[in-house]
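Values in this document were obtained by computation on a predicted structure and should not be read as measured data.
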Amino acid sequence: MQAPIFDEQHPVIHVTLRVIQSPRTVPLAVKRITASAVFIALFVLLFAVTGDILQPRWFGAWMSTANVRGIYDLPPNTVDAVALGPSSCVRSFSPLELFLEYGISAYNAGTEQQPIMTSYYLLKEIIKNQSIKVVFLETVGLFRSNDPAFYRKVYDNLKLSKDKIEAVLSYSQYSGADSVFSFITPYIKYHANWKNLTEPQFAPFDADDYPLWHHGFVIDKGQSGKEKTGYTGEEQDRATFIGERLYYLEQIDELCRANNIRLVLYRCVSTDQWSAGMHNATQDWASQHKRELYDFNTQSVMEAAGLKNELDNAGGSHNNVFGAIKTTRYLGKLITDTQAFEDRRKDPTCFYLRAMAAPYAREVRNAKLQVEKDMSEYLVALSYGDNRDNYTVFFTVRDEASSKIGDALKATLVDCGFMTDFADKYRHSFIGVMEGGKVIYERLADDRQEKLAYEGTTRDGTAYAIESAGMEAGDISSVILNSGSNMSKNLRGFNVVVYDNVTHRVIDSVNWDSFAEEGGGNARR
């Protein structure tokens, strides 16, 4: 019964059997297919890996790379609120303030000059793993044109997905600056960067290396000193939304409605890039779409939040840390008064935020020290402030410091632990060291010609060498840490350098001229 199957008169059956029985043909085909697949996979992997290494890391003033990539490190379904927008968002919304004050878990996904289109796609990416209840959108981007680089600062750091492909295709409709494929394989855009590779290109982001970064918020400690009068609502101007901005604002609105997310528009207090016309146009849109707008440039909101531009604005559109605290607390109270939130301070999945809160609080206290203008209050903060245990403080005199020191400042020095009597010590050199709020060394020169020097080690093991010389002894103030550069202001009078043993860096350097008439030697410079 089997013979006909193998008979030469049945060629189809015969050929089929030969193919099945061949010891070489099948493995060879498989090998070729496998080799091709491996080659393609390695090629794609090479492009992906090298492209990731070669593309820039934006860990500068606005931490754009960290803020975008950080969304993938958030534990799933632990974030209640997200802030989106440009650098004014990065500097005005403090997630840890919202957490400490209200127990709300939040993240700041702002980036430098973030285009509103990228805000939309960032939000799409975030809600894949998070059950967001509130989105805070900083609105200055509605009226700003953007260079292609600021699209890349978002898209280059998104993981490859169909939404990323949609994002870059949408971008290509508005700009032909870069090919779509260059967003998928950054090697095409950045291949020439191999000549300038540095260690940070290979290392993952570590928040400990950036003490001013706090869950997307970046602390600024400057003060503009510029007063601002808020809009009253009587202004009639109307600005026009630029390009695709209105479309993507609508897209964000629709995405929020589809996911039951509260959309809150806000504009931080600013001395530029904003106007009454921009406010009115944004308010018109918000009213039409039944969305909230809180413009901290309007007189009513500015006063309700307790904001003063000269103290709370660092310059331009950027809040300092004090303005960010007031802005965030105001927004936090608004949403918690009208919406229920779980207290995440008791949630084990958010204990990482509790760990981040301690260094954040330390930096806020450091910032308060750095803006203190009265030297008596400054000295009290060094001796009795919450951060005093972390500080090593160096005092040196250059030229002359005793003439106008004043009884009040003398009393403060004594109260802080200094025993030196500066009376009749015209142009004498002086060195003092304070550790953990206590004076551990002080010396006043015996005469005007004596130059003083002292060396030691801080609590964290940092070596220091300090010098003081009055006018007749060399006229210098010097504080050198680990053989580095002079950290002293090196100006006439008292020079103070404050070193933080926890963050291992100088956090302030200040001078007060106790020879000058003005201020009785009690004003910093």
Side-chain angles (χ1 to χ4, degrees), residues 52 55-72 74 79 81-93 107-130 132 135-184 186 189-190 216-218 241-256 259 261 263 265-267 273 282 317:
D52 184 67
Q55 76 179 47
R57 298 289 192 271
W58 291 291
F59 292 150
W62 315 117
M63 301 299 288
S64 297
T65 296
N67 286 7
V68 176
R69 295 193 177 192
I71 67 176
Y72 300 109
L74 300 170
V79 177
V82 168
L84 298 166
S87 57
S88 51
C89 171
V90 176
R91 294 287 174 90
S92 66
F93 183 84
Y107 186 77
N108 190 326
T111 58
E112 184 181 5
Q113 291 197 35
Q114 185 177 110
I116 195 79
M117 177 196 294
T118 66
S119 301
Y120 168 67
Y121 285 105
L122 265 173
L123 181 57
K124 289 191 73 172
E125 199 71 7
I126 291 168
I127 63 177
K128 290 177 181 178
N129 295 306
Q130 302 297 332
I132 303 298
V135 167
F136 296 102
L137 181 65
E138 220 285 355
T139 57
V140 69
L142 294 171
F143 303 95
R144 173 190 284 165
S145 58
N146 298 102
D147 185 86
F150 302 112
Y151 291 84
R152 297 208 73 108
K153 289 185 178 184
V154 174
Y155 293 158
D156 280 350
N157 292 294
L158 291 178
K159 288 184 176 180
L160 184 60
S161 67
K162 67 180 183 63
D163 288 317
K164 176 171 180 173
I165 294 172
E166 178 188 317
V168 297
L169 287 172
S170 298
Y171 164 77
S172 69
Q173 295 179 12
Y174 296 95
S175 173
D178 294 315
S179 70
V180 170
F181 197 55
S182 73
F183 286 91
I184 310 303
K189 174 74 173 178
Y190 303 116
F217 168 61
V218 178
F241 295 119
I242 296 177
E244 79 277 14
R245 280 50 167 186
L246 179 58
Y247 173 78
Y248 281 100
L249 176 59
E250 302 274 2
Q251 292 295 99
I252 291 172
D253 179 54
E254 290 180 15
L255 184 60
C256 287
N259 290 275
I261 297 172
L263 176 60
L265 310 180
Y266 83 99
R267 177 69 177 114
Q273 299 182 32
T282 309
S317 284

### Task
May I ask you to check whether Ser317 and Arg91 show a side-chain donor-acceptor distance below 3.5 Å?
no

## Note on the structure
The reported gap from CZ in Phe136 to CG in Leu263 (rounded to nearest 0.5 angstrom) is 10.0 Å

#### Entry: Side-chain heavy atoms of Ser170 within contact of Tyr121, under 4.5 Å
yes

### Query
If every non-hydrogen atom of Asn67 is compared with every non-hydrogen atom of Gly110, which pair is closest and at what distance?
ND2-O, 2.9 Å

### Task
Of all the heavy-atom pairs spanning Ile132 and Ile261, show the shortest one and how long it is.
O-CG1, 3.3 Å

### Euclidean distance, Met63 CE relative to Asn108 CG, rounded to 0.5 Å
11.5 Å

### Message
Any heavy-atom pair between the side chains of Leu255 and Ile127 that's under 4.5 Å?
### Response
yes

## Note on the structure
dist Glu125:CD -> Leu158:CG (nearest 0.5 Å) comes out at 5.5 Å

### Message
For Gln113, is there any backbone N or O sitting under 3.5 Å from a side-chain donor or acceptor partner on Asn146?
### Response
yes

### Query
Is Ser92 reaching over with its side chain to a backbone N or O of Ser88, donor-acceptor style, under 3.5 angstrom?
yes

### pair Thr282-Phe143: side-chain heavy atoms closer than 4.5 Å
yes

### Task
May I ask you to decide if Ser64's main-chain N or O and Lys153's side chain share a donor-acceptor pair within less than 3.5 Å?
no

### Message
Before you tell me yes or no, could you show the steps for Lys128 and Ser161 under side chain to side chain contact (heavy atoms under 4.5 Å, CB included), namely the whole-Å CA-CA distance, both residues' side-chain angles and the distance that decides it to 0.1 Å?
### Response
CA-CA 11 Å; Lys128 290 177 181 178; Ser161 67; 3.5 Å; yes

### Task
Indicate yes or no: at least one non-hydrogen side-chain atom of Tyr155 is less than 4.5 angstrom from one of Met117.
yes

### Message
With heavy-atom distances below 4.5 Å as the criterion, would you say the side chains of Thr111 and Val90 are in contact?
### Response
no

### Query
What is the distance from atom CG of Asp163 to atom CG of Leu122, rounded to the nearest 0.5 Å?
11.5 Å

### Parallel, tilted or perpendicular: ring planes of Tyr266 versus Phe93, cut at 30 and 60 degrees
tilted

### Query
Counting distance only, does the side-chain N/O of Arg245 pair as donor-acceptor with the main-chain N or O of Arg144 below 3.5 Å?
yes

### Query
Mind checking whether Gln114 and Leu84 have side chains closer than 4.5 Å, heavy atoms only?
yes

#### Entry: Nearest-0.5 Å distance that lies between atom OH in Tyr120 and atom CD in Glu244
13.5 Å

### Task
Report yes if some heavy atom in the side chain of Asp156 is under 4.5 Å from a heavy atom in the side chain of Val68; otherwise report no.
no

### Summary
Tightest non-hydrogen contact, residues Glu138 and Arg267, listed as OE2-NH1, 2.7 Å

#### Entry: Where Ala61 and Val218 come nearest, the two heavy atoms and their spacing
O-CG1, 3.5 Å

### Message
Distance check, rounded to the nearest 0.5 Å: Ile116 atom CD1 versus Ser119 atom OG?
### Response
4.5 Å

### Message
Would the distance check show the side chain of Asn157 and the main-chain N or O of Ala66 forming a donor-acceptor pair, the cut-off being under 3.5 Å?
### Response
no

### Query
Where do Gly216 and Tyr107 come nearest, in terms of heavy atoms and distance?
N-CE1, 4.4 Å

#### Entry: N/O donor-acceptor pair under 3.5 Å between Gln130 side chain and Val79 backbone
yes

#### Entry: Tyr72 atom OH, neighbour heavy-atom count above 12 within 6.0 Å
yes

